[in-house]
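Report on the structure given below.
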Amino acid sequence: MFEAIAFYLFAFLTALMFFITVTTSQALHALTALAAGMIFISAFFFILGADFLGAVQIVVYSGAVMALYAFGMMFFDTTRDVKEKQGNKYIIAGLSIVSAILVVLIFAAPMVTDNITALYPMTEGVGNTQDVGMVLFTKYLVPFEVAAVMLLVAMVAGIVLAGKKMDASLTEMSEAEIEEINTRELS
Amino acid sequence: MLEPVNISLESLNIVTLYPMLIPVIGALLILCIDIFKGGLDRTLYVAITLLVLFIDFQTLLSASNVFATEGTVVGVFDMMLIDGLAIISQFIIVGASMFFIPLALSKKQFHESSYPEFFAMFLFTIAGLQFMVATDSLILIFVGLETSSLAVYTMIAMHNRDKSFEAAVKYFTMGALAAGFYSFGAMVFYALTGSVEINQIATVLAANGYADMGYVLVGTVFMLAALGFKVGLVPFHTWAPDVYEGSSAAMAGFLSIVPKIAIFVVAMRLFEFLIHSGVIWLEIVLYIVVVSTMTMGNIWALVQSDVKRMLAYSSISHAGFVMAAILIGTTQSNSALFLYWILFAFTNLGAFSMLWISRQKELPHGQTSDHSYEKFSGMIQTSPITALVMGLFMLSLAGLPPFALFWGKLYIMSSAVTSGYTVLALVMALNSAIAGYYYLKLIVYMFMKDPVDGATGASFSSNASLALKAIIGFAVIGTIFAIIAINPLLEFISAFVYNSGY
Amino acid sequence: MEIYLYVALFAPLVGSLFAALFGASPRTKIAGIVPSLLLGVSFIASSVLLKHIVSGGDIVHVEMMTWMATGDLYIPFGFVVDQISVTMMMVVTLVSTIVHVYAIGYMDHDKGFNRFFSYLSAFVFSMMILVMSDNFAGLFIGWEGVGLCSWLLIGFWYHKESATWAANEAFIMNRIADLGMLIGIFLVFWNTGTLQYDGAFAAMQNLDQETLTWIGIFLFIGAMGKSAQFPLHTWLADAMEGPTPVSALIHAATMVTAGVYLVVRSNELYALIPHVGLFIASLGAFVAIFAASMALVNRDIKRVIAYSTLSQLGYMFAAAGLGAYWVALFHLMAHAFFKALLFLGAGNVMHAMNSELDPFKMGGLGKTMKVSMIMMTLASVALAGIFPLAGFFSKDLILEVAFVDHHFIIYTVLLLTAGLTAFYSFRIIALIFHGEDRHTALGFHPHEAYKFMLVAMSPLLILAIIAGFTMKMPYFEMVTQLLPATEYHVHSATTYWIMTIGTQLFVILAIFFAYRKYMSKDIRVPDGTSRMENNFFYKLLINQYYIPHFYEEYLVKPYRELSTIFFKQIDQKIVDATVDGIANVLLATGESTRVVQSGNLSTMLKWMVAGMVALLSLAVVFGLAVKYLDEIQAILSGLGV
Amino acid sequence: MMEIGLNHYLVLSTILFAIGLIGVMKRRNLLLLFFATEILLNSVNIAFAAISHYYGDLTGQMFAFFVIAIAASEVAVGLGLLIVWHKRHSNIDLDTMSTMKG
Amino acid sequence: MLDNILSILIFFPALAGVLGFMIHKDSMRAYGVAVATIEFGLALWLWYAFDNTVAGMQFIEQVALIPTFGINYIIGVDGISLFIIVLAAFFTLIGIASLTDTKNVKNMIITLLMLQMTMVGVFVALDAIIFYIFWELSLVPMLYIIGAWGGPLRIYASVKFFLYTFAGSLVMLVGMLFMAYFYYQATGVWSFAILDWYRLILPENFQLWLFAAFFVGFAIKVPMFPFHTWLPYAHGQAPTIGSVILAAILLKMGTYAFIRFSLPLFPDAATFFMFPIAILAIIMIVYTAMVAYAQEDVKQVVAYSSVSHMGVIILGTFALNVEGITGSIFLMIAHGVVSGALFLLVGVIYDRRHTKMMSEFGGLAHVMPRYATIFGLMMMASVGMPLTINFVGEFLSLLGFYQQSHILTLLAGIAIIVGAIYMLAAYKKMFFGELTNEKNRNLPDVSKRELVALIPLSIITIWLGIYPKPILDPINNSVESIVQLMHDKSTSEEAKKRIPNLAREAGLVTSQEAH
């Protein structure tokens with residue numbers, strides 16, 4: 001009972017928040033709504049017993065990602081109203097609603113899930129975090145490491161793109177100008 | 001309390017990780033070098049990258065020996081999967097990259113190649129792609145895909161001019177959408193089978209006889225959209241022309257070859273069992289998508305006024321051609337896919353390199369893009385050898401025998417014929433004919449028109465350095481004498497594909 | 001004997017090539033003399049062969065070399081000299097030798113003198129191949145060869161529009177017939193397995209009537225073209241644009257008789273299909289009177305003679321069609337002599353009158369051109385068939401044949417034609433040589449032709465006079481060794497004499513009438529005002545029954561227009577436009593759909609979502625279809641699908 | 001209705017995904033557009049966690065974990081790109097990015 | 001040396017062409033003539049060494065290329081292909097020798113040498129893929145020749161030529177793949193070798209489809225109505241040398257391929273499609289002849305006349321008997337010589353006046369008598385005058401088809417009438433009449449260089465018209481073996497009836513039939 005109430009409550013809240021995110025013309029509202037939505041999602045995770053995931057969700061999203069976006073907003077000076085020319089709203093609404101209805105239609109049907117055996121079952125009496133750690137560092141060790149590489153890539157990318165290196169474009173300079181810069185740096 | 005897990009190193013089969021580890025280590029090495037001593041010349045990094053790739057290639061060779069003797073190898077908690085497909089596609093990925101990276105040694109300096117991060121990114125991309133092809137797990141595929149994609153977005157943007165930013169942003173945003181599709185699709189399969197490993201998915205689905213057809217279809221739709229985006233299937237192709245135009249010619253060439261083969265392998269793994277298990281819907285939809293990709297790609301290429309953009313659309317069309325091999329789904333067609341892609345790699349490498357060497361920093365008067373057709377007017381008179389080489393690549397792309405790509409087309413069409421896809425084979429044939437027009441258009445400009453006033457041959461090779469010329473020479477040889485290599489290639493590929501069970 | 005055969009055959013070729021050597025050089029007499037001499041040689045060789053044949057020697061048959069051999073087909077260059085071909089050879093070489101010599105004088109002032117002799121000798125060579133070949137294919141070579149030479153010679157004065165037009169007309173008209181001939185040859189080959197005369201005719205004895213009829217008809221179509229039978233006759237009159245020696249040789253004596261020769265040569269075939277023979281005879285009779293009627297009013301000497309030739313060819317076909325092959329051949333020979341003579345005489349007149357051809361503008365030329373007058377008059381007498389000249393023995397024989405075979409309609413037609421022939425022949429004789437001098441007023445100063453030209457003509461004159469009574473019986477003896485030896489005698493002597501004398505009287509009456517009408521003093525150059533000229537029949541005849549007009553309006557023009565329509569409308573607007581259309585549709589599709597790539601990121605994202613939704617919809621439709629497969633099938637089967 | 005099953009979560013996930021799609025298609029401001037892509041990934045995460053829960057299998061959580069990592073890296077790269085663009089054009093409106101088309 | 005003379009014939013010009021890049025511009029023509037002469041000498045040597053009595057393939061060479069997929073380099077020559085090869089070498093020689101002053105003469109000669117490689121390659125290939133390679137490759141030099149040296153519409157014409165043919169041949173390629181697949185199914189081995197395919201007996205419905213696939217490729221190349229519209233443009237825009245080689249050799253690829261592929265591989269389908277194709281051929285003959293009559297450009301007249309003559313060749317081919325097929329092969333050579341010469345002749349006047357409009361001429365016989373004479377000779381050959389080369393072929397083709405259908409042959413025979421109409425009309429417009437156009441007053445007659453090309457062609461025209469035996473014999477032998485093969489392979493009653501059985505006629509039972 002509690003579960004159902006919680007589900008419907010958070011479902012409503014999440015949907016509302018996300019809806020605000022995609023519709024509001026205030027960037028700040030959008031950001032706030034998004035952050036709130038993220039938090040509500042973590043609630044689902046806790047409901048579903050994925051404590052570790054919930055924590056990660058809050059830390060990563062509400063912490064890191066939101067902070068990044070907030071900085072971005074300040075940088076881009078989008079705290080004012082965002083003016084957006086709108087195209088054909090019917091296309092947007094139509095496409096989304098149709099896709100949603102189609103998928104929902106199918107998902108509403110019960111699944112034949114008789115013979116599904118959990119490959120990496122949750123262990124009774126063990127905390128979710130431990131459980132996750134076990135799987136993560138055995139089976140999912142490689143993806144985990146690759147994810148690390150990916151984060152490294154993202155970091156390098158962020159540094160390169162946002163850093164000073166991109167200020168002067170060698171691509172658009174003539175060879176003589178590049179030479180000049182090089183010699184200046186050397187001297 | 002959880003039991004501690006004891007795992008012996010042997011059982012991990014770390015060897016399966018070597019080919020991917022090497023580029024990662026190489027990339028880290030480059031980053032480290034840059035930290036300790038900045039301002040080093042790009043030649044150093046090109047050399048290091050090449051060496052790393054070379055070692056990578058060696059490990060692949062030994063992996064292929066392992067495969068030849070022991071068959072499919074799994075390792076690291078069954079996460080890594082080294083089978084024939086993985087090996088061939090990694091050969092293509094690494095081999096093609098080895099030919100693309102020296103393109104950074106152009107005569108003129110461009111932004112991206114002047115910074116070591118670019119080479120690190122390059123190697124990360126390759127590592128990501130290698131992970132994608134060498135696994136069964138949708139998770140690792142996803143992570144590998146994103147690793148390579150993020151690096152690619154950055155590399156595109158590093159060309160550092162408006163068009164390249166525009167291209168990168170477009171690519172990135174659509175890529176994010178595609179990532180959403182991918183995760184949704186993976187979720188559906190997971191919901192269906194309780195697993196994200198393709199093998200397991202196939203087993204479970206087969207066991208319950210595709211009872212939840214609706215779920216399967218939804219999952220397939222999202223997967224098709226995600227993978228279709230990456231290889232540029234219509235209507236998920238819209239990024240391709242803009243991204244190709246925005247990035248440097250060398251990068252565009254790389255994009256047209258290397259990431260796509262990884263996606264093809266994933267698609268092959270994922271769709272093969274679906275097609276063969278009677279999901280007729282997939283067959284029909286794939287048929288429609290393949291035909292419209294081939295045809296529309298061609299039709300849009302017809303009306304382009306920029307050569308690089310034309311090549312982008314033609315790459316879309318070629319991707320459709322190759323996707324047909326997955327649709328057909330026989331050993332012959334899967335082998336044909338790899339054969340086609342190897343030959344396509346040679347030809348496209350050559351074509352994009354030719355554009356690359358003719359790259360000027362300032363646009364000539366009256367031209368709106370880097371490689372407009374007008375730029376190549378009367379090339380035969382001012383720069384005959386360049387014109388001949390370019391013409392050769394165009395003819396090869398058009399599928400004119402005996403140049404490289406013809407053999408790929410031949411084999412794919414043959415596989416279509418063999419499996420009863422006669423109409424598809426005819427569509428392929430007619431599309432090749434349509435494609436002839438736009439390749440010919442460039443030839444017409446080069447060979448049959450007079451040069452624009454004051455144009456000299458120098459502009460066609462203004463960006464040419466010895467390295468680029470060597471690459472082009474290699475591509476030329478590969479394109480002309482492909483016929484000699486077909487037989488060993490075909491034997492090798494067929495054996496590997498067959499032994500992998502595809 | 002073979003050596004004579006080769007000499008007779010190839011001497012004209014050598015002559016032609018010799019003259020051709022001077023083709024681009026200025027006029028030189030030697031280019032005319034040498035071919036003439038070589039033709040003389042050919043004539044002598046032919047004479048030797050004739051003597052050989054007449055004296056009962058074997059038929060000379062040689063096979064020079066293989067021409068075509070493939071599959072079952074074997075065609076050699078084979079030549080045969082037998083009673084038929086030797087007759088033709090004699091006629092051809094004799095007339096052509098005379099015409100050559102004559103032409104040396106006639107073409108004296110022409111720029112293309114050398115070229116002329118090259119063509120003329122080439123013609124003789126082709127004609128020799130035609131008559132000497134021992135198979136249908138060889139015949140066809142000659143057949144086409146004479147056509148080519150005829151084209152060259154009619155269009156000899158190529159700067160004249162009318163000449164080139166006439167040349168092309170003749171060539172094309174002949175080609176139409178040649179198609180029939182070719183089909184005939186194919187029929188012969190596929191039914192008999194050979195094209196050799198002896199083999200083919202032997203095999204034909206075993207063929208069914210229908211096949212033979214078809215063979216006969218198609219071969220005769222070929223003959224119709226070459227011999228200018230209705231409806232392919234218009235070219236012959238137009239062919240008079242060529243130099244007069246050409247008209248004498250080709251369009252009177254030799255080439256046009258090739259059709260008769262073909263029928264005679266195929267007598268074994270036509271003997272098997274008498275109904276086709278009757279058709280040939282009927283057509284011949286019709287052409288005889290048809291052509292004669294047109295000759296009545298024509299105001300061009302050469303055309304009148306040409307119509308007369310046409311008419312006489314009709315006679316020959318009438319004879320051949322009725323099975324009297326030797327009679328036809330005999331008339332062919334006799335006709336060659338006097339008709340060539342007539343033409344050459346006309347040539348003299350033309351020469352004298354600066355190529356003026358309208359007899360109404362002449363008159364009284366007999367004073368200055370006595371020899372020519374005598375020659376032409378005698379030739380006309382022979383043509384009219386008055387005893388004892390050649391025409392009497394040959395032409396009247398044809399009348400007898402028709403009478404004896406009880407084809408009285410043909411007989412009547414031919415008899416009438418004989419009268420008409422006499423009338424128009426002497427109409428022009430009268431207009432040219434007698435009556436008032438009308439030419440001086442028009443500024444002509446006529447003169448007699450060169451002596452050697454007249455001398456050259458004299459053998460023809462002699463033959464025209466004596467050929468009948470001296471040669472009829474020996475010829476009959478000789479030629480009937482090969483041809484059916486039917487003698488045509490009216491059984492009742494009374495009937496015979498009534499017929500003969502009646503015919504003679506009728507003819508003489510016609511001559512008399514012609515003289516009376518056209519020697520009168522008030523003959524003026526017609527100017528379209530006289531009552532006669534406005535007469536319906538006159539108009540019909542002078543316009544050649546409106547047949548050329550009909551051809552022009554209903555064949556040539558539509559052909560030209562149809563060609564233009566085919567090119568402009570069908571080829572360009574339909575066939576080519578379809579091809580271009582496909583390309584343009586592709587390009588237009590590209591142009592109109594490239595807006596999809598608007599460059600706007602939002603649009604691109606929408607496309608991606610739209611694609612996904614489309615796939616999803618397909619999935620749902622498909623899923624539902626699978627789910628309700630049974631129901632759908634039931635409904636469909638209920639609908640009868 | 002009261003018993004919350006897997007389907008409930010899947011439907012919720014789908015609805016959120018659709019909202020994300022609305023944002024992706026509607027937004028012209030790139031920063032806000034990136035928000036929408038975050039929604040897409042998050043909506044899927046709910047489903048993963050739910051499936052994981054109902055099957056008693058950890059794989060779903062793993063997937064969600066990696067999705068979060070991916071989302072985070074994408075933010076870094078995306079913002080980097082926006083910064084570069086913004087430095088030059090002082091806007092992040094995607095309508096200004098249409099120099100390449102056709 | 002003789003063992004691989006065919007490979008030498010193929011690759012010698014290619015090698016020479018590559019080396020040609022080194023040659024100085026001024027010496028290029030001499031180089032080209034030298035190379036072409038050597039090549040022609042080699043071709044003559046081939047003819048000399050050719051054994052007339054052998055019906056099958058000679059000088060066979062075989063090198064494995066892609067054995068896994070059954071693609072091998074197999075070449076050989078028989079009576080059918082021998083003379084077209086000699087003709088190709090001959091035309092390249094006189095083409096280069098008579099080349100008038102063109103821009104970029106170096107590129108032109110190299111292109112011609114490359115073209116020669118492909119021409120020889122097509123006719124000696126005994127492997128379908130090798131055949132296809134050369135078949136497609138031949139488009140490229142021709143594309144360049146038309147596109148770079150052609151008239152004002154050259155680009156349109158060359159692209160149309162290329163794409164049209166290219167599209168058709170791709171369909172043909174699908175047919176080839178099917179054929180190889182059927183062979184694979186029957187034997188378990190992939191093979192594209194034509195001689196292997198000959199042994200395959202296919203069910204009739206397969207034959208029909210495959211025949212259709214091959215037909216598309218061949219028909220466009222020939223070109224058959226209604227696929228012919230690229231030809232007038234190609235000819236109209238191409239430079240003289242391009243038209244000459246296109247008409248003389250390239251068009252023959254299509255008709256040759258019919259004999260090499262369609263007939264022996266699909267005898268039943270060939271019988272089935274005989275009448276439809278014959279009707280197309282008749283439309284080609286009569287319709288294009290009428291279109292030719294409506295032309296104002298003399299080159300277009302000759303171009304459309306080519307189509308018309310190709311119709312006769314097709315008709316002869318589909319006579320399916322020895323006479324017809326031999327005739328059609330002979331006519332290929334004949335038409336090559338005659339139309340080649342006619343295009344050269346048109347080139348002569350074009351060089352002088354830079355126009356091809358017949359209305360610009362008239363009375364040329366006055367100022368250019370030699371030219372008029374040679375033109376007249378070739379015109380007469382073109383209309384099929386006996387004792388010229390064309391007649392032999394036309395006669396045999398029509399004769400052959402007459403066995404199959406009387407009425408259709410009668411219709412096809414209209415060729416000799418309509419052919420005469422447009423040719424004579426064109427000749428009259430150009431050469432006869434008064435010299436009206438002052439510009440033509442001082443035209444020089446044919447020069448020595450032009451005669452170098454025209455005289456040999458005139459001699460061949462007459463020589464082979466009078467004595468075709470040296471060519472007919474080898475053709476006949478090879479054709480007989482093909483016809484016999486077709487008869488033995490055919491399965492339907494109709495085909496057995498239509499295709500003659502030579503062995504029975506000769507009273508022999510070959511070992512093939514004994515099986």
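In what follows, chains are A, B, ... by sequence order, proteins preceding strands, each numbered from 1. All of these numbers come straight from a predicted model, not from anything done at the bench.
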Pairwise side-chain contact, E:Leu173 with B:Phe406, heavy-atom cut-off 4.5 Å (strictly under): yes
Please flag which part of [X] lies under 4.5 Å from any non-hydrogen atom of chain E: side chain, backbone, both or neither.
X: B:Leu395; value: side chain
X: B:Ile443; value: side chain
X: B:Ile483; value: both

Looking at [atom1] of [X] and [atom2] of [Y], how far apart are the two atoms once the value is rounded to the nearest 0.5 Å?
X: B:Phe447; Y: E:Ile145; atom1: CZ; atom2: CD1; answer: 13.0 Å
X: E:Ile146; Y: B:Met448; atom1: CD1; atom2: CE; answer: 8.5 Å
X: E:Leu143; Y: B:Leu400; atom1: CG; atom2: CG; answer: 10.0 Å
X: E:Ile71; Y: B:Leu410; atom1: CD1; atom2: CG; answer: 5.0 Å

For [X] against [Y], the heavy-atom pair lying closest together:
X: E:Val174; Y: B:Ala425; value: CG2-O, 3.8 Å
X: B:Ala433; Y: E:Leu163; value: O-CD2, 3.6 Å
X: E:Leu137; Y: B:Pro401; value: CD1-O, 3.2 Å

Contacting region of E:Phe134 [heavy-atom separation from chain B under 4.5 Å]: neither
Greatest number of heavy atom pairs closer than 4.5 Å to chain B - which of E:Gly147, E:Ala148, E:Ala213, E:Ala180: E:Gly147
side-chain contact (heavy atoms from CB on, under 4.5 Å) evaluation trace for E:Leu170 with B:Leu430: CA-CA 7 Å; E:Leu170 279 162; B:Leu430 292 177; over 6 Å; no
Short donor-acceptor contacts under 3.5 Å linking chain E with chain B:
residue, atom, partner, partner atom, Å
E:Thr68, N, B:Asn487, OD1, 3.2
E:Thr68, OG1, B:Asn487, OD1, 2.1
E:Arg154, NH2, B:Met448, O, 2.7
E:Tyr181, OH, B:Thr418, O, 3.2

